[in-house]
There are 2 protein chains.
Amino acid sequence: MSLDNQLEEALMKSKTQMRRGVLEMCVLSIISEEESYPSDIIEKLKEVELIVKEGTLYPLLSRLKKDGLLQYSWKESTQGPPRKYFQLTTTGIAFLQGLKENWDDLVSSVNQSTKKITK
Amino acid sequence: MSLDNQLEEALMKSKTQMRRGVLEMCVLSIISEEESYPSDIIEKLKEVELIVKEGTLYPLLSRLKKDGLLQYSWKESTQGPPRKYFQLTTTGIAFLQGLKENWDDLVSSVNQSTKKITK
DNA sequence: ATACAGTACCTTGCAACACATAGTACCGAA
DNA sequence: TTCGGTACTATGTGTTGCAAGGTACTGTAT
């Protein structure tokens, strides 16, 4: 493997690492706007170029549900099995607010640290 | 533990998660401006409110050195043991550039996803 | 020469989450 | 009954920030 390929691979891994903690914020944010089921969420993430597969999203939704941040209801579908529609709980709303503050603080630190103003 | 405390604790953990991949970018960025030794780096990170301890920084620097992104030279000090001064390698400079692009992409996605313009 | 405080550096194991893989189940159409 | 499409579930892996515990060097005081 050439150095360029090693660099590309390292940058791909870095991409994954940078999504930690951020993905859940985006997912909660999408659900906070309108109750959604997984396929919707995947589409909306795709629109903002956050490419996520089912194998990543389902465990994340499970964990958020287990942590009391989400709840869901089943709804029939005309095109296949019933779907799980997710909503934020009260705790989830508060947590999302905190996540956004965490994120804003981090972005501010990074901007100062790298001396770059985000356009 | 009250719910508020659980929320606080969860947000602290989230803070740690969000730093993944980002901390190394900031550290490389600081070193790219001027060769530094660990204590300098900790100070500069502190200035931008990225609080990092030695137990976090030394393993990170070790890993970056092992990955060929950093190199170092020893310099005497007038106030204690000799110090390791770090510089970026050519690969490190290229990698840092890629990290910043990764970061910019992520920030853009988050802004679109959370419908919030960073001021 | 020895002891000590301050400074610098090192190593290791843990926790947590993004991800990939493999799988099951339901529904409508053929 | 079979099949394609859709929806969901479970689990193990890899990676990095962090905490904890440690060693070593230097200058100062005794």
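Residue numbers begin at 1 in each chain, while the letters A, B, ... track the order of the sequences.
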Any donor-acceptor N/O pair, [X] side chain to [Y] backbone, under 3.5 Å:
| X | Y | result |
| --- | --- | --- |
| A/Q87 | A/Y85 | yes |
| B/N102 | A/L11 | yes |
| A/S108 | A/D104 | no |
| A/S14 | B/G21 | no |

Problem - Pair B/T91-A/Q6, side-chain donor/acceptor within less than 3.5 Å - result: no
Completion exercise
Applying side chain to side chain donor-acceptor pair (under 3.5 Å) to B/Q71 and not counting sequence neighbours gives none
Problem - Test side chain to side chain donor-acceptor pair (under 3.5 Å) applied to A/K13 - qualifying residues, sequence neighbours left out - result: none
Short heteroatom pairs, N/O only, protein and nucleotides 13-15 of chain D, under 3.5 Å:
from: D/dG14; atom 1: N2; to: A/R20; atom 2: NH1; distance (Å): 3.3
from: D/dT15; atom 1: OP1; to: A/K13; atom 2: NZ; distance (Å): 2.7
from: D/dT15; atom 1: O2; to: B/R20; atom 2: NH2; distance (Å): 2.3

Handout entry: Close approaches to DNA chain C from residues 22-30 of chain B, in residue order (heavy atom, under 4.0 Å)
Key = none
Practice task
Select base, sugar-phosphate, or nothing to describe what A/T56 touches, counting heavy atoms under 4.0 Å on all strands.
Solution key: base
Contacts of [X] that satisfy side-chain contact (heavy atoms from CB on, under 4.5 Å) - sequence neighbours left out:
| X | value |
| --- | --- |
| B/K65 | B/Y72 |
| A/P82 | A/W74, A/E76 |
| B/I93 | B/L88 |

Could you go through nucleotides 28-30 of chain D and list every protein N or O atom that sits under 3.5 Å from one of its N or O atoms, giving the distance for each pair?
none

Practice task
Could you name each residue pair satisfying salt bridge (charged side-chain N to carboxylate O under 4.0 Å, His left out) that touches residues 18-28 of chain A, not counting sequence neighbours?
Solution key: A/E24-A/R63
Exercise for the section: To the nearest Å, give me how far apart CD (B/E76) and C1' (D/dG27) are. Expected result: 13 Å
Exercise for the section: Send over the distance from B/L57 CG to D/dG17 P, rounded to a whole Å. Expected result: 10 Å
Handout entry: Cationic N near anionic O, under 4.0 Å, B/K75 to B/E35
Key = yes
Problem - Nucleotides bounding contact with chain A, strand DNA chain C, heavy-atom threshold 4.0 Å - result: C/dA16 to C/dC27
Check residues 38-62 of chain A and write down every donor-acceptor pair under 3.5 Å in which the side-chain atom is one partner and the other belongs to a residue at least two apart or another chain.
from: A/S62; atom 1: OG; to: A/Y58; atom 2: O; distance (Å): 3.4

Problem - Distance under 6.0 Å and angle within 45° of ring axis: A/K84 vs A/Y37 - result: no
Sub-3.5 Å pairs of nitrogen or oxygen atoms, protein against nucleotides 6-11 of chain D:
from: D/dA7; atom 1: OP1; to: A/Y37; atom 2: OH; distance (Å): 2.8
from: D/dA7; atom 1: OP1; to: A/R83; atom 2: NE; distance (Å): 2.9
from: D/dA7; atom 1: OP1; to: A/R83; atom 2: NH2; distance (Å): 3.0
from: D/dC8; atom 1: OP1; to: A/K84; atom 2: N; distance (Å): 2.3
from: D/dC8; atom 1: OP2; to: A/Y58; atom 2: OH; distance (Å): 2.8
from: D/dT9; atom 1: OP1; to: A/K84; atom 2: NZ; distance (Å): 2.3
from: D/dT9; atom 1: OP2; to: A/K84; atom 2: NZ; distance (Å): 3.2

Exercise for the section: Return the minimal non-hydrogen interatomic distance between A/S113 and B/C26, and the atom names on each side. Expected result: OG-CB, 3.6 Å
